[in-house]
> 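First, the structure itself, so that you have it in front of you.
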Amino acid sequence: MAAKGGGFHPFRDIADSVHIKKNTAGTSNEISLSVLDGLKSRADDRFGEADPKVKLGDLSLYTVESKKDRKLSDRDALKTPATTSLFGASSAKPAPSKGASSRAAASSAGKAGKRGSASSGKKATRAQRNRERALRDPEKEIKRRKKNRRRRRIAFATCGVAACCIAVAAGVMFAADAYDKHQDNLALLSQAFDEIEKADMLVLDMDDKVMEEDADFSDESIEAMAQGIEDAGVHLNAACAFADKAAASMGESSGKDAAYQVNESADARRDMMQYAEALLSADRQAKESVDEVQACWDFVIEADALMKEAAQLVADTTEENVRASQAKTEEALASLEQAQESLARAQQEYPSADFSALSAFIEKKKEQNGYALASDDAIYIQDKATAEAFNEKYNQADAEAVELAKSLPEKPAQPILDRLDAHTSETRESYLDARKRAAESDAFIRDYLGQSKR
């Protein structure tokens, strides 16, 4: 325990010298360098020179030995057979005399000092200068250290702010670059969609013809359609090229999906044109047969009207009326023969169509007109019985023709249309599927472009 009152205190000398500057308390706990001044001056007073063990900046301070302790130390050194050099190496040589020992120690100390000073070099000189500067003006040294710390803090803060600014600038540049790329990709997709719309000038026209039941087109329109397919293919290829270029630099999945849908829409339109060309070619071939069947039916209607006129004329059996009736009947027969010729051409154009019902009806109408002519001839020779017999056959043939007419389709060309549907059903189904795919892809692209431009 420490002595009370005015007794000896082992750290009194340090405690008297150490004090903390009031203006630095609570900040850096800067210890005044006057501590070193006090220690140095006290050592000089006691021994006549500065204690070499007191160094600038040391936190552990050594107390100076008393005279009694030094005498004991010297006595022990003479008794010790081996001495320790300044560098800690031990020697087993016998101890020299007191004078020789002093000289040897001085010589060794001098050599060691030279070697130490030579090895420290510029670093020892710089440390000495710093120590001398601090001892000359401790207050100025304190201010210098504080100033250096402030500078370091400012430098660190400046570096941090600069790093943040650089990071923000890099982020802004990255965002701006990403925005520019996004806008460029949108422009490419818009161009791709424009190319698709240009191709639709043909695709939509073909679609109208395919979807119409009674589309009317000529050979010239078919040739123009073939040329249009080639031009539309160029636009669709350009659309795919723009979409692929946009997809190559897109990162978001929705943008890549939109580019993919452009390719899907183009492929769907290519399929539409291919199927439409096949359907329209089949329709053109069927149309030629349909036209022939329609002409055949027109001749049948004309023959039926002539037969009705002939029957009205023969109701009054004068010679003049009989001759007029006979002329009408012959005209009806000619119309029916023309009808048969047209039906034969239709059958040739579309061999798979079944015209048996119409053919039987025409044949029965011809038979009926033959009985009318035979009846007229019998009237000329005043053969009433024969005239009435042929007239009865005429009426019977007319009744049979009425029964045959019931089996006729609503449209004379229906057999052709039925076979056309059977032949093109798969192609038409494929066309409708491609048409649906194109519509769905177009809707996706429009939705993406509309949302991205908001």
Side-chain angles (χ1 to χ4, degrees), residues 163-212 221-281 426-454:
C164 292
C165 293
I166 292 172
V168 171
V172 171
M173 292 178 64
F174 178 79
D177 183 62
Y179 177 79
D180 291 339
K181 288 183 178 179
H182 179 69
Q183 294 300 317
D184 292 340
N185 292 332
L186 284 181
L188 289 172
L189 288 180
S190 296
Q191 288 179 324
F193 200 67
D194 291 341
E195 293 294 332
I196 289 177
E197 289 181 344
K198 292 177 181 177
D200 279 346
M201 296 178 64
L202 170 74
V203 174
L204 295 179
D205 183 58
M206 294 176 66
D207 184 69
D208 292 338
K209 290 182 171 60
V210 170
M211 300 305 293
E212 290 179 5
S221 63
I222 294 295
E223 293 177 0
M225 181 187 67
Q227 180 61 39
I229 290 175
E230 184 177 352
D231 296 338
V234 173
H235 292 299
L236 294 177
N237 290 338
C240 292
F242 285 128
D244 292 341
K245 185 176 179 180
S249 59
M250 278 185 172
E252 77 232 58
S253 59
S254 58
K256 289 185 178 294
D257 290 341
Y260 172 76
Q261 291 299 329
V262 169
N263 285 278
E264 282 293 303
S265 180
D267 290 339
R269 281 169 168 78
R270 292 189 185 97
D271 292 341
M272 286 178 65
M273 290 189 295
Q274 177 184 354
Y275 298 136
E277 186 177 16
L279 291 172
L280 294 178
S281 297
E426 293 183 2
T427 304
R428 189 173 295 275
E429 185 177 348
S430 299
Y431 175 84
L432 294 177
D433 180 68
R435 190 172 185 261
K436 181 181 178 182
R437 288 190 288 114
E440 291 175 350
S441 297
D442 292 351
F444 186 93
I445 299 167
R446 287 192 185 96
D447 184 62
Y448 175 79
L449 292 176
Q451 289 181 354
S452 299
K453 291 180 180 179
R454 291 177 184 174

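Predicted, not measured: the structure shown is a model, and the values here were computed from it.
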> Kindly compute the distance separating CG (Leu279) from CD (Glu277), expressed to the nearest 0.5 Å.
10.5 Å
> Kindly indicate, with the supporting measurements, whether the criterion side chain to side chain contact (heavy atoms under 4.5 Å, CB included) is fulfilled by Leu432 and Met211.
CA-CA 10 Å; Leu432 294 177; Met211 300 305 293; 4.0 Å; yes
> Indicate yes or no for a side-chain donor-acceptor contact from Asn263 to the backbone of Ala259 under 3.5 Å, with no hydrogens or angles considered.
yes
> How close do Leu189 and Ala258 get, counting heavy atoms only, and between which atoms?
CD1-CB, 4.0 Å
> Which pair of heavy atoms, one from Ala239 and one from Ile196, lies closest together, and at what distance?
CB-CG1, 3.8 Å
> Quick one: pull up CD in Glu264 and CG in Asp442 and give me the separation to the nearest 0.5 Å.
11.5 Å
> Write down the atom of Gln191, the atom of Phe242, and the distance for their closest heavy-atom approach.
OE1-CE2, 3.4 Å
> Can you confirm whether more than 12 heavy atoms, excluding those of Phe444, are under 6.0 Å from its CZ atom?
yes
> Does a side-chain heavy-atom distance below 4.5 Å link Gln274 with Ile229?
no
> CG/Leu236 to CG/Asp267 distance, rounded to the nearest 0.5 angstrom?
8.5 Å
> Which distance, rounded to the nearest 0.5 Å, do you find between the CD of Glu195 and the OG of Ser190?
12.0 Å
> Given side chain to side chain contact (heavy atoms under 4.5 Å, CB included), test Arg270 with Asn237 step by step and report yes or no.
CA-CA 10 Å; Arg270 292 189 185 97; Asn237 290 338; 2.8 Å; yes
> Check the pair Asp205, Lys209 against salt bridge (Lys or Arg N to Asp or Glu O under 4.0 Å), reporting the backbone distance first and the verdict last.
CA-CA 7 Å; Asp205 183 58; Lys209 290 182 171 60; 3.2 Å; yes
> Ignoring hydrogens and angles, tell me if any N or O in the side chain of Ser265 forms a donor-acceptor pair with the backbone of Gln261 under 3.5 Å.
no
> Could you pull out the closest heavy-atom pair between Met273 and Gly233, with the gap in Å?
CE-N, 4.4 Å
> Under the side chain to side chain contact (heavy atoms under 4.5 Å, CB included) criterion, do Phe193 and Arg446 qualify, and how do the steps go?
CA-CA 9 Å; Phe193 200 67; Arg446 287 192 185 96; 3.7 Å; yes
> State whether the side chain of Lys256 and the backbone N or O of Ala247 hold a donor-acceptor pair below 3.5 Å, judged by distance alone.
yes
> Walk me through whether Asp271 and Arg437 qualify under salt bridge (Lys or Arg N to Asp or Glu O under 4.0 Å).
CA-CA 10 Å; Asp271 292 341; Arg437 288 190 288 114; 2.8 Å; yes
> Nearest 0.5 Å please: distance from the CG atom of Asp433 over to the OH atom of Tyr275.
8.0 Å
> Are there more than 12 heavy atoms of other residues, nucleotides or ligands under 6.0 Å from atom CD of Glu429?
no
> Between Asp257 and Tyr448, is any side-chain donor less than 3.5 angstrom from a side-chain acceptor?
no
> Got a second to check how far Ser441's OG is from Arg269's CZ, nearest 0.5 Å?
8.0 Å
> Taking C-beta and beyond as the side chain, do Asp231 and Leu202 meet within less than 4.5 Å on heavy atoms?
no
